[in-house]
Amino acid sequence: QLQLVESGGGLVQPGGSLRLSCAASGFTLDYYVIGWFRQAPGKEREGVSCISSSGAGTNYADSVKGRFTMSRDNAKNTAYLQMNSLKPEDTAVYYCAARAAVFSQNMCRITELFGSWGQGTQVIVSS
């Protein structure tokens with residue numbers, strides 16, 4: 001069964017950068033759309049970014065557009081989220097998720113469409 005493990009979170013100052021990784025085991029990610037979601041304290045989980053199985057198609061939430069970049073390396077069975085110009089409001093637990101489906105823009109905001117989830121990695125943006 002597909003398993004996902006996030007890494008790369010930590011404490012960073014506002015304006016700093018982090019790169020999150022999502023490593024898959026059990027199956028390759030070749031045929032999976034990968035999404036990044038986050039959940040801040042007291043808030044519901046929200047979609048951050050999504051990438052097609054080939055990496056050609058991406059989608060970003062308005063709140064992170066221009067600052068975050070998602071990519072994937074199927075040979076390494078890993079997806080990434082490069083986060084630049086981080087803001088305190090980016091503080092959250094970040095989760096990666098996978099769905100075996102054709103990529104679409106709409107799916108990147110809907111958590112219920114993703115069946116496989118990692119345990120999350122904490123990102124804290126603070127001075």
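Model, not experiment: these values are computed from the prediction. Basis for what follows: all heavy atoms, side chains included, without hydrogens, waters or symmetry-related copies.
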ask   = When rounded to the nearest 0.5 angstrom, what is the spacing between CZ in Arg99 and SG in Cys108?
value = 10.0 Å
request  = Please test Tyr94 against Val48 for side-chain contact (heavy atoms from CB on, under 4.5 Å), starting from the C-alpha separation and ending with a verdict.
outcome  = CA-CA 9 Å; Tyr94 284 72; Val48 175; 4.3 Å; yes
Please report, to 0.1 Å, the donor-acceptor pairs under 3.5 Å made by any side chain of residues 80-88, with sequence neighbours excluded.
unit_1 : atom_1 : unit_2 : atom_2 : d
Gln82  : NE2    : Asn84  : OD1    : 3.0
Asn84  : OD1    : Ser17  : OG     : 2.8

query = Considering residues, nucleotides and ligands other than Glu44, do more than 12 of their heavy atoms fall under 6.0 Å from its CD?
reply = no
message = Determine whether Val123 and Leu20 satisfy the following criterion, side-chain contact (heavy atoms from CB on, under 4.5 Å), listing intermediate values before the conclusion.
response = CA-CA 9 Å; Val123 172; Leu20 306 184; 4.1 Å; yes
message = If you apply the rule side-chain contact (heavy atoms from CB on, under 4.5 Å), what do you find for Ser116 with Gln3, and how did you get there?
response = CA-CA 7 Å; Ser116 298; Gln3 294 183 333; over 6 Å; no
ask   = Do Ile51 and Phe103 sit in the same hydrophobic cluster, where Ile, Leu, Val, Met, Phe, Trp and Tyr count as joined when their side-chain heavy atoms come under 4.5 Å apart?
value = no
inquiry  = Return the CG to OG distance between Asp30 and Ser53, rounded to the nearest 0.5 Å.
reply    = 8.0 Å
query = Taking all atoms of both residues into account, what is the closest heavy-atom pair of Trp36 and Cys22, and its distance?
reply = CZ2-CB, 3.6 Å
ask   = Honestly curious: do Met107 and Ile34 fall in one hydrophobic cluster under the side-chain, below-4.5 Å linking rule?
value = no
message = Parallel, tilted or perpendicular, judged at 30° and 60°: which one describes the rings of Phe37 and Trp117?
response = tilted
Distance (rounded to the nearest 0.5 Å) between Arg72 CZ and Ser54 OG = 7.5 Å
task = First locate atom CG of Leu4, then atom OG of Ser25, and finally report the distance between them rounded to the nearest 0.5 Å.
result = 7.5 Å
key: Nearest atoms (heavy-atom pairs only) where Phe114 meets Cys50   = CZ-SG, 3.8 Å
remark   = Between the OG atom in Ser49 and the CZ atom in Arg38, the distance rounded to the nearest 0.5 Å is 11.0 Å
message = Restricting to non-hydrogen atoms, name the atom on Tyr32 and the atom on Ala98 that form the minimum distance, rounded to 0.1 Å.
response = CD2-CB, 3.8 Å
ask   = Hey, is CD on Gln122 packed in by over 12 heavy atoms from elsewhere, all under 6.0 Å?
value = yes
request  = Evaluate the side-chain proximity of Tyr95 to Thr111: yes if any heavy-atom separation is below 4.5 Å, no if none is.
outcome  = no
